[in-house]
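Both ligands and their constituent atoms are indexed starting at 1 by order of listing.
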Amino acid sequence: MRKIAILGSTGSIGTQTLEVAREQGDLEITALAAHSNIKLLEQQIREFKPRLAAVWDEKKAQELRTNVRDMNVRIVSGMEGLIEAATEEEAKTVVTAVVGMIGIRPTIAAIQSGKQIALANKETLVTAGHIIIDLAEKCGVSILPVDSEHSAVFQSLNGESRRRVEKILLTASGGPFRTWNKEQMRTVRPEDALKHPNWEMGRKITIDSATMVNKGLEVMEARWLFQVKPEQIQVVVHPQSVIHSMVQYEDGAIMAQLGVPDMKLPIQYALYYPDRRPMSGERLNFFQLGQMTFEEPDLERFQGLKLAFRAMKAGGSMPTVYNAANELAVQRFLEGKIAFMQIPEIIQACMEEHTTIQNPGVEQILEAEQEAYERIEGRW
Ligand code: NDP
Ligand code: MG
């Protein structure tokens, strides 16, 4: 049995990871963690019987403790609990599927205790990539991408020399507003932005896909995962989401990974790597597909993507400001407090007011996050 822990088990990636476990039948779940959805967490505990479950919210943790007192499971809470779930002795792999920068500390702790990381939580790598990648190397731990684009790149690197990579071509669906003009984009409501054309995901990443900030975060994620220079990453809009991403080599050859969009494939690939397990489900039918199309991203309409390249080039604490400003702006947009097009405006304002700190430690990263939040509080 392969033993895994899942941080963020009640979310979109978390529940799909458990589906993979259900289908494969040889994954043992040692620990689960969620924020506050104790109803679903209880069902997961009863089905998968982990030894440990972490709930961020202390009150909810107390409630869950009472509800599962007939089970042999320890319920922990807060950051301490999340770290306990990340370092639980028996797990070999930790799936990091929490949303946001809250994932930094548990991911670092998991690496320090020698766990392989199946990484979905891109915000962690965007903000603390320099720390995570160095640490993983030092501890001899692999970071296996779960994000579909990065999994595609990772698969396209199989058997090749990384020194010969010329470019990483990250594909993007373009989101629901790909063909909208600026005027129309000013009228976007949360319910419009929550409709993604090809993928079913959590709320935050769905909004990030609509602004293309998600692609911006993925560009920075790719930079750390594959150790390439910013100018070696190119975004290619491909509305059908069939090519999940590509690698261009120095001889001009391009390797790609294609398939029906389904997050269970990259999740499963990360959990069983280097093995490729069978998976049921739909297959890509080229005759039905007919054609694949490609466009250059419009950085005028999608300022969030443009700002990501700027943040990446500034480096240091700037990607944290980009990410933190976006997190809070998305929350404000979902609460109906700001307009859709204000999301990149807020990111830009926070970035312009920030003085980059190079090579920040975890404390400085968290301070930069706080600084961005404080700039937004009261102003928007
Ligand atoms: P969801 O919002 O669906 O799920 C988030 C999960 O994190 C939930 O289980 C939530 O618990 C948990 N969580 C949030 N805060 C905490 C906390 N403080 N302590 C413990 N658990 C917490 O997000 P997604 O699954 O969509 O995304 C997760 C990550 O994966 C993100 O970083 C996203 O960018 C990335 N990703 C997602 C993809 C997708 O297809 N969904 C694709 C590629 C990457 P609760 O339910 O109790 O709130
Ligand atoms: Mg992705």
Original post:
Among protein heavy atoms, which lies nearest atom 25 (O) of ligand 1, and at what distance?
Top reply: Ile13 N, 2.9 Å

Original post:
Who's the nearest protein heavy-atom neighbour of atom 40 (O) of ligand 1, and how far?
Top reply: Met201 CG, 3.2 Å

Subject >> Ring centers of Phe340, Phe177 separated by less than 6.0 Å >> reply: yes

Original post:
When you measure from atom 43 (C) of ligand 1 to every protein heavy atom, which one gives the shortest distance, and what is it?
Top reply: Asp147 OD1, 3.1 Å

Subject >> Nearest protein heavy atom with distance in Å, relative to atom 26 (O) of ligand 1 >> reply: Gly202 N, 2.9 Å

Original post:
For ligand 1, which atoms, with element, lie under 4.0 Å from some heavy atom of Thr10?
Top reply: 8 (C), 9 (O), 10 (C), 11 (O), 45 (P), 46 (O), 47 (O)

Subject >> Test item, Gly14 contacting ligand 1 (heavy atom, 4.0 angstrom) >> reply: no

**OP:** Report yes if the distance between the aromatic ring centroids of Tyr273 and Phe154 is under 6.0 Å, otherwise no.
**Re:** yes

Original post:
For atom 12 (C) of ligand 1, what is the nearest protein heavy atom, given as residue, atom name and distance?
Top reply: Gly8 CA, 3.8 Å

Original post:
Do the charged groups of Lys306 and Glu300 touch, with an N to O distance under 4.0 Å?
Top reply: yes

Original post:
With a 4.0 Å cut-off, would you call Arg163 and Glu250 a salt bridge?
Top reply: no

Original post:
Listed by chain and number, what are the side chain to side chain contact (heavy atoms under 4.5 Å, CB included) partners of Gln257, not counting sequence neighbours?
Top reply: Ala152, Gln155, Ser156, His244, Leu265

**OP:** Determine, considering heavy atoms only, which of Leu41, Val98, Ile205 sits nearest to atom 31 (C) of ligand 1.
**Re:** Val98

Original post:
For ligand 1, which atoms have a heavy atom of Asn121 less than 4.0 angstrom away?
Top reply: 32 (O)

Original post:
Which of the atoms in ligand 1, numbered in the order shown and given with their element, are less than 4.0 Å from a heavy-atom of Ser9?
Top reply: 9 (O)

**OP:** Report the angle formed at the Mg ion (ligand 2) by atom OE1 of Glu149 and atom OD1 of Asp147, rounding to the nearest 10°.
**Re:** 100°

Subject >> Closest to atom 3 (O) of ligand 1 among Pro145, Pro106, Ser12 (heavy-atom distance) >> reply: Ser12

**OP:** Kindly confirm or rule out an N or O of Ser36 lying under 3.5 angstrom from an N or O of ligand 1.
**Re:** yes

Original post:
What residue among Glu345, Glu327, Glu377 forms salt bridge (charged side-chain N to carboxylate O under 4.0 Å, His left out) with Arg332?
Top reply: Glu377

Subject >> Identity and distance of the protein heavy atom lying nearest atom 32 (O) of ligand 1 >> reply: Glu123 OE1, 2.6 Å

Original post:
Any ion pair linking Asp134 and Lys138 (charged N to carboxylate O, less than 4.0 Å)?
Top reply: no

Original post:
How is the N/O/S atom of Glu218 that comes nearest to the Mg ion (ligand 2) named?
Top reply: OE2

**OP:** Can you sort out which atoms of ligand 1 are near Ile102, meaning under 4.0 Å from one of its heavy atoms?
**Re:** 18 (N)

Original post:
Got a salt bridge between Arg375 and Glu371, using NZ or NE/NH1/NH2 to carboxylate O under 4.0 Å?
Top reply: yes

**OP:** Would you sort out whether Gln268 and Gln24 count as a side-chain hydrogen bond (donor to acceptor under 3.5 Å, both in side chains), showing the intermediate values?
**Re:** CA-CA 9 Å; Gln268 181 170 301; Gln24 293 293 331; 3.1 Å; yes

Original post:
Mind checking what makes side chain to side chain contact (heavy atoms under 4.5 Å, CB included) contact with Arg178, not counting sequence neighbours?
Top reply: Val237, Pro239, Glu295

**OP:** Indicate yes or no for a side-chain donor-acceptor contact from Lys60 to the backbone of Val55 under 3.5 Å, with no hydrogens or angles considered.
**Re:** no

Original post:
At a 4.0 Å threshold, what atoms of ligand 1 neighbour a non-hydrogen atom of Asn37?
Top reply: 46 (O), 47 (O)

Original post:
What residue and atom, counting heavy atoms only, is the protein's closest point to atom 6 (C) of ligand 1, and at what distance?
Top reply: Ala97 O, 3.6 Å

Original post:
Can you list the atoms of ligand 1 that are under 4.0 Å from a heavy atom of Ala120?
Top reply: 30 (O), 32 (O), 35 (C), 36 (N), 44 (C)

Original post:
Hey, are Lys215 and Glu149 close enough for a salt bridge, meaning a charged N less than 4.0 Å from a carboxylate O?
Top reply: yes

Original post:
So, are Lys39 and Glu63 salt-bridged, with charged N and O less than 4.0 Å apart?
Top reply: no

Subject >> Closest to atom 34 (O) of ligand 1 (judged by heavy-atom distance), picking from Lys122, Glu149, His35 >> reply: Lys122

Subject >> Lys204 and ligand 1 - part of the residue with a heavy-atom distance under 4.0 Å >> reply: neither

Original post:
atom 4 (O) of ligand 1: which protein heavy atom is closest, and how many Å away?
Top reply: Gly11 CA, 3.2 Å

